[in-house]
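Note that ligands are numbered from 1 as they come in the structure, with each ligand's atoms numbered from 1 the same way.
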Amino acid sequence: MIANPYQPLTATITEIIDESPTIKSFVVVPRQPFKFATGQFIELTLPGQGEAPFTPSSSPSVTEKMEVTIMKAGRVTGLLHECQTGQPVGIRGPMGKGYPVDDFAGKQVYIVGGGVGLAPIRSLLLTLIDRIGDFERVVCRFGARSPEDFIYKPALFGSWKQIQGLDITLTVDKANGNWSGNVGVVTTILKRDDVDISNAVAVVCGPPIMMKFATLKLLDHGFAPNRIYLSMEKNMSCGIGKCGHCMIGKYYACKDGPVFTFEQIQNYPNIWE
Ligand SMILES: Cc1cc2nc3c(=O)[nH]c(=O)nc-3n(C[C@H](O)[C@H](O)[C@H](O)COP(=O)(O)OP(=O)(O)OC[C@H]3O[C@@H](n4cnc5c(N)ncnc54)[C@H](O)[C@@H]3O)c2cc1C
Ligand code: FES
């Protein structure tokens with residue numbers, strides 16, 4: 001963290017990757033190496049326009065550049081989608097608490113994701129892949145609206161499929177022409193025997209409605225609430241526990257999260273909104 005938490009570190013967009021009709025990944029090179037833990041987030045500033053929180057989608061082991069995957073949602077994300085390479089930006093952070101990867105060692109890791117929720121998951125997966133032998137199995141169940149809406153297609157349909165110890169199943173809400181996989185929302189591919197629940201942790205990230213129903217299904221399958229990790233994307237402003245925009249009960253999502261266990265937040269109202 002740099003000295004003044006409101007002062008962004010200057011950086012430059014060096015590459016832009018079209019991931020899906022509404023999502024782009026931006027490779028951002030900071031003025032100096034930038035360290036983060038997987039699951040932590042940053043505030044990305046577009047000078048003179050504003051900033052918004054995003055979770056880096058790249059591996060934390062690479063500090064000289066960072067990838068951020070951004071869905072066009074409103075004003076700042078819309079302006080970011082119009083940027084070209086060479087665009088100066090700012091990075092504040094890293095903020096919050098990420099995934100407790102060391103606690104996952106020796107366990108089966110069950111990752112459920114959808115839409116742009118694959119952004120933090122990609123960072124986590126790259127971290128797990130770096131030390132894949134430390135985990136009993138890594139099982140991924142990912143969904144998208146249609147085949148075109150999947151992000152990270154070269155990895156999902158190619159390189160990640162080749163990794164031993166990594167088991168990936170994809171589903172789409174609506175199929176088209178060449179799709180031969182499952183059709184249905186992501187909960188339709190969550191099966192009780194996908195993992196050995198007595199020695200597994202689950203990680204869920206995606207749109208709130210997907211997170212809600214995936215969590216309910218995992219609980220129904222027998223997952224303990226303290227073994228389900230959720231990445232909570234509450235509306236945020238300061239990102240450092242000052243403004244109170246991001247409260248979940250007694251927690252600041254920006255400081256105490258964004259990664260929480262379901263046990264921590266299950267009793268608070270409106271957690272899925
Ligand atoms: C910790 C964290 C990590 C995130 N990581 C990513 C990421 O990796 N990639 C990504 O594409 N998005 C991510 N988001 C969501 C992203 O921050 C919002 O899409 C962005 O702030 C919208 O800004 P805007 O100015 O474009 O939209 P606005 O013009 O402010 O709003 C447009 C619409 O987006 C909604 N919105 C605003 N802020 C959020 C929010 N925080 N979450 C959900 N909806 C919101 C508004 O309610 C409104 O409906 C993350 C959010 C948080 C809190
Ligand atoms: S975003 Fe300001 S307190 Fe969390």
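Which of R122, M232, E233, M95 comes nearest to atom 14 (N) of ligand 1 through a heavy atom is settled by distance: it is E233. Nearest to atom 10 (C) of ligand 1 by heavy-atom distance, out of T69, N235, V259, is T69. With atom 11 (O) of ligand 1 as the reference point, the heavy atom nearest to it among H245, M71, Q40 is part of M71.
Other residues, nucleotides and ligands contribute more than 12 heavy atoms inside 6.0 Å of the NZ atom of K234. For R137, the CZ atom is densely surrounded, since the number of other residues' heavy atoms within 6.0 Å is greater than 12. Counting heavy-atom neighbours within 6.0 Å of K153 NZ, excluding the residue itself, gives a total above 12. By the 6.0 Å contact criterion, CD on Q84 is open, its count of non-hydrogen atoms from other residues, nucleotides or ligands being 12 or less.
Interface of K234 with ligand 1, defined as ligand atoms under 4.0 Å from a residue heavy atom, comprises 41 (N), 53 (C). Annotation for ligand 1: atoms under 4.0 Å from non-hydrogen atoms of V76 are 24 (P), 25 (O), 26 (O). Close approach to A73 involves these atoms of ligand 1, each under 4.0 Å from a residue heavy atom: 19 (O), 32 (C), 33 (C). Counting atoms of ligand 1 from 1 in the listed order, those under 4.0 Å from a heavy atom of I70 are 11 (O).
Proximity of atom 49 (O) of ligand 1 to the protein is not indicated, since no non-hydrogen protein atom lies closer than 4.0 angstrom. Note that atom 8 (O) of ligand 1 has protein non-hydrogen atoms nearby, at separations under 4.0 angstrom. Counting only heavy atoms, the protein gets under 4.0 Å from atom 39 (C) of ligand 1. Remark: atom 53 (C) of ligand 1 lies closer than 4.0 Å to at least one protein heavy atom. Distance check for atom 25 (O) of ligand 1: a protein heavy atom is found below 4.0 Å. Counting protein heavy atoms under 4.0 angstrom from atom 35 (C) of ligand 1 gives zero.
The protein heavy-atom contact nearest to atom 27 (O) of ligand 1 is G74 CA, 3.4 Å. The protein heavy-atom contact nearest to atom 1 (C) of ligand 1 is F41 CG, 3.7 Å. With hydrogens left out, the protein atom closest to atom 29 (O) of ligand 1 is R75 N, 2.9 Å, a heavy atom. Looking only at protein heavy atoms, the nearest one to atom 22 (C) of ligand 1 is T77 CG2, 4.0 Å. Atom 21 (O) of ligand 1 has as its closest protein heavy atom A52 CB, 3.5 Å.
Protein residues having at least one heavy atom under 4.0 Å from any atom of ligand 2 are M236, S237, C238, G239, G241, K242, C243, G244, C246, Y252, C254, listed by chain and number.
The structure places CG of D194 at 7.0 Å from OG1 of T169, a figure rounded to the nearest 0.5 Å.
Between F54 and F41, the ring centre distance reaches or exceeds 6.0 Å.
The aromatic rings of W179 and F150 sit parallel, their planes meeting at an angle under 30°, below the 60° perpendicular limit.
Considering only residues two or more places apart in sequence or on other chains, T22 meets the side chain to side chain contact (heavy atoms under 4.5 Å, CB included) condition with S20, M71. Partners of P100 under the side chain to side chain contact (heavy atoms under 4.5 Å, CB included) rule, at least two apart in sequence or in another chain, are D103, F104, Y229. In this structure E136 satisfies the salt bridge (charged side-chain N to carboxylate O under 4.0 Å, His left out) test with no other residue, sequence neighbours excluded.
Considering only heavy atoms from C-beta on, V28 stays 4.5 Å or farther from K65 through its side chain. You'll find the side chain of V204 stays beyond 4.5 Å of the side chain of F262, heavy atoms only.
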Task: Candidate pair E263 and R227, rule salt bridge (Lys or Arg N to Asp or Glu O under 4.0 Å), full reasoning - done: CA-CA 8 Å; E263 183 181 51; R227 292 280 187 103; over 6 Å; no
- [ ] Walk me through it: do Y99 and T38 pass the test side-chain contact (heavy atoms from CB on, under 4.5 Å)?
- [x] CA-CA 6 Å; Y99 296 106; T38 185; 4.3 Å; yes
Open item on the list: Applying salt bridge (Lys or Arg N to Asp or Glu O under 4.0 Å) to K24 and E19, what does each step give before you reach the verdict?
Closed with: CA-CA 5 Å; K24 292 183 183 188; E19 301 280 7; over 6 Å; no
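The proximity of T55 to ligand 1, defined as any non-hydrogen pair under 4.0 Å, involves the side chain as well as the backbone. Heavy atoms of F54 found under 4.0 angstrom from ligand 1 belong to the backbone as well as the side chain. The residue K72 has no part lying near ligand 1, judged by heavy-atom distances below 4.0 Å. The proximity of A119 to ligand 1, defined as any non-hydrogen pair under 4.0 Å, is limited to the side chain.
A salt bridge does not link D196 to K107: none of the charged side-chain nitrogens sits closer than 4.0 Å to a carboxylate oxygen. Using a 4.0 Å cut-off between charged side-chain N and carboxylate O, D220 and K217 make no salt bridge.
Here's the thing with V116: none of its N/O atoms is less than 3.5 angstrom from an N/O atom of ligand 1. Polar contact check, P53 against ligand 1: a nitrogen or oxygen pair lies under 3.5 Å apart.
Between Y152 and T69, the side chains place a donor N or O and an acceptor N or O closer than 3.5 Å (distance only, hydrogens not considered).
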